[in-house]
Amino acid sequence: MTWLDLADDTPFGLDNLPYGVFSAGGAPERRIGVPVGDHVLDLTAAAAGTAAAFAPLLTGGVLNPLLAAGPATWRDVRASVTEWLTERRYADQLRPHLVPLAEVTTHLAFDVADYVDFYSSEHHALNAGKIFRPDATELPPNWKHLPIGYHGRAGTVVASGTPVVRPHGQRKPRAADAPSFGPSQRLDIEAEVGFVVGVPSAPGTRVSTADFADHVFGVCLVNDWSARDIQAWEYQPLGPFLGKSFATSVSPWIVPLAALEHARVDGPTQDPEPFEYLRTGEKWGLELAMEVRLNGHLVSSPPFATQYWTAPQQLAHMTINGASLRTGDLFASGTVTGPERDQRGSFLELSWGGREPFELPGGVTRTFLEDGDEVVISATAPGPGGTRIGFGDVRGTVVAG
Ligand code: MN
């Protein structure tokens with residue numbers, strides 16, 4: 001068991017042990033932390049205090065050295081943290097390194113190298129197609145042959161809690177004769193799941209689906225803020241650009257793949273059968289239950305297990321041309337949308353392109369985001385014995401641009 005006083009239903013139990021970066025007590029120093037119950041274990045201090053061999057990897061206030069160290073070290077660190085929090089002989093030594101979760105400030109946990117965003121929910125792709133291109137009733141012809149994606153802007157991936165300034169740009173409503181310029185009038189969210197690469201790959205090599213867990217460290221939540229009016233005017237023929245690149249928010253805690261063993265499920269049946277390099281013998285669908293809240297009200301519950309393309313397939317596709325991976329690469333799933341109306345992962349879909357406002361309590365309606373709106377995306381996954389693994393949340397408030 002554990003010498004900690006943990007609630008049975010805590011999202012941060014000993015089977016989770018995600019990693020993040022925090023500061024506390026008004027001190028600017030950033031430390032690596034592991035949330036457990038309603039505290040954060042100061043892993044930087046705990047590793048130094050126990051003279052752990054991996055302690056030097058945890059001193060820089062950023063996860064990248066740990067990410068780069070690879071799966072054997074990831075297992076060592078996780079086993080050590082589990083041992084420290086389980087065996088009573090460590091209690092006196094570690095208690096001073098437990099900081100109340102309510103008193104910490106979390107930061108971006110890793111230096112983001114490259115950022116790629118996919119488009120792997122069939123329900124989202126069908127909805128977006130119908131909304132953006134009213135004549136289109138089917139998926140694009142390539143959609144079931146490859147995981148469609150684009151390269152995003154790594155430098156504007158921001159920590160949860162960072163205010164999102166409404167972007168300005170060009171937009172041209174379908175009925176307008178000419179484009180106009182100004183603040184986006186169709187600012188939106190995309191509820192997504194992000195995968196954090198630890199171990200790099202050499203240029204010219206390919207990373208197979210089977211090697212997924214040798215390279216990918218863990219999973220976080222992503223809000224891919226999107227200005228639909230800017231996006232709609234600029235995206236053809238080269239894809240998303242300024243409608244996406246102003247901000248992408250990520251959750252503070254990176255859940256290691258090892259914590260998700262009980263969440264792994266088969267992905268949907270793929271027809272047509274994909275090329276050999278996209279096939280996988282392992283289950284890497286993930287049964288994450290996501291929730292999207294606007295100003296505190298639940299507006300959507302996207303089921304991640306409905307994604308058509310899984311993360312190992314995305315990783316294999318991303319590198320099939322020989323493009324290398326770097327430590328800190330982030331690739332996101334694409335908007336997660338299920339088959340039901342209340343499972344849509346964007347306001348674009350919830351309001352059907354702005355044509356069908358959706359209701360909030362108190363007679364309030366929304367199509368797209370208004371200044372002052374706060375969006376919080378959270379998720380849990382099955383853990384052992386009926387427990388839940390918590391991802392924490394990614395939050396952001398829109399401010400006038
Ligand atoms: Mn996206």
Side-chain angles (χ1 to χ4, degrees), residues 112 114-133 139-140 142-143 146-158 160 162 164 167 169 184 186-197 219-236 238-251 286 288 290 292 299-300 302-304 306-311 313-315 317-318 329-338 343-351 353 368-369 375-377 379 391 393-396 398:
V112 182
D114 290 293
Y115 167 49
V116 163
D117 192 24
F118 285 95
Y119 187 59
S120 290
S121 158
E122 183 171 2
H123 300 288
H124 172 71
L126 280 168
N127 288 343
K130 289 174 192 165
I131 292 165
F132 270 128
R133 298 175 295 277
L139 294 167
N142 56 358
W143 201 92
L146 53 83
I148 294 177
Y150 67 94
H151 281 279
R153 192 168 185 86
T156 52
V157 175
V158 296
S160 175
T162 305
V164 174
S184 171
R186 290 162 73 91
L187 184 58
D188 197 358
I189 63 155
E190 292 191 340
E192 306 197 18
V193 174
F195 294 82
V196 180
V197 172
V219 183
C220 62
L221 302 176
V222 174
N223 186 345
D224 175 24
W225 304 91
S226 300
R228 299 301 180 192
D229 42 1
I230 297 171
Q231 181 185 1
W233 172 231
E234 74 176 358
Y235 86 109
Q236 289 179 322
L238 285 186
F241 186 36
L242 304 178
K244 299 278 194 177
S245 62
F246 54 94
T248 306
S249 302
V250 294
S251 58
L286 291 172
L288 310 188
M290 302 170 70
V292 181
V299 295
S300 179
F304 186 68
T306 59
Q307 293 287 103
Y308 188 84
W309 297 105
T310 64
Q313 293 179 308
Q314 293 170 333
L315 185 71
H317 188 63
M318 233 163 72
D329 281 359
L330 171 68
F331 63 100
S333 60
T335 309
V336 182
T337 288
Q343 296 177 332
R344 297 171 177 173
S346 67
F347 286 18
L348 176 79
E349 296 162 273
L350 286 167
S351 71
F368 294 96
L369 289 161
V375 176
V376 178
I377 302 169
F391 280 69
D393 56 42
V394 54
R395 56 183 64 225
V398 176

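Predicted model only: the values in this text are computed from it and were never measured. When a ligand or atom number is given, it counts from 1 through the structure's own listing order. The residues of the chain are indexed from 1 along the displayed sequence.
- The ring-ring contact (aromatic ring centres under 6.0 Å, His included) test applied to F118 returns no partner, not counting sequence neighbours.
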Exercise for review: Evaluate the ring pair (Phe, Tyr, Trp, His ring centres under 6.0 Å) criterion for residues F347 and F368: first the C-alpha distance (whole Å), next the side-chain angles of each, then the deciding distance (0.1 Å), finally the verdict.
Suggested key: CA-CA 6 Å; F347 286 18; F368 294 96; 7.5 Å; no
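- Only protein N, O or S atoms were considered, and those under 2.8 Å from the Mn ion (ligand 1) are D117 OD2, E190 OE1, E192 OE2, D224 OD2.
- Evaluation of the side-chain contact (heavy atoms from CB on, under 4.5 Å) rule for W233 yields Q170, K172, P179 as partners, not counting sequence neighbours.
- Residues passing the salt bridge (charged side-chain N to carboxylate O under 4.0 Å, His left out) test with E234, sequence neighbours excluded: none.
- Considering Y119, Y308, W143 in turn, Y119 is the only one that fulfils the ring pair (Phe, Tyr, Trp, His ring centres under 6.0 Å) rule with H124.
- Using modelled atom types and a 3.5 Å distance limit, the side chains of S300 and Q343 yield no donor-acceptor pair.
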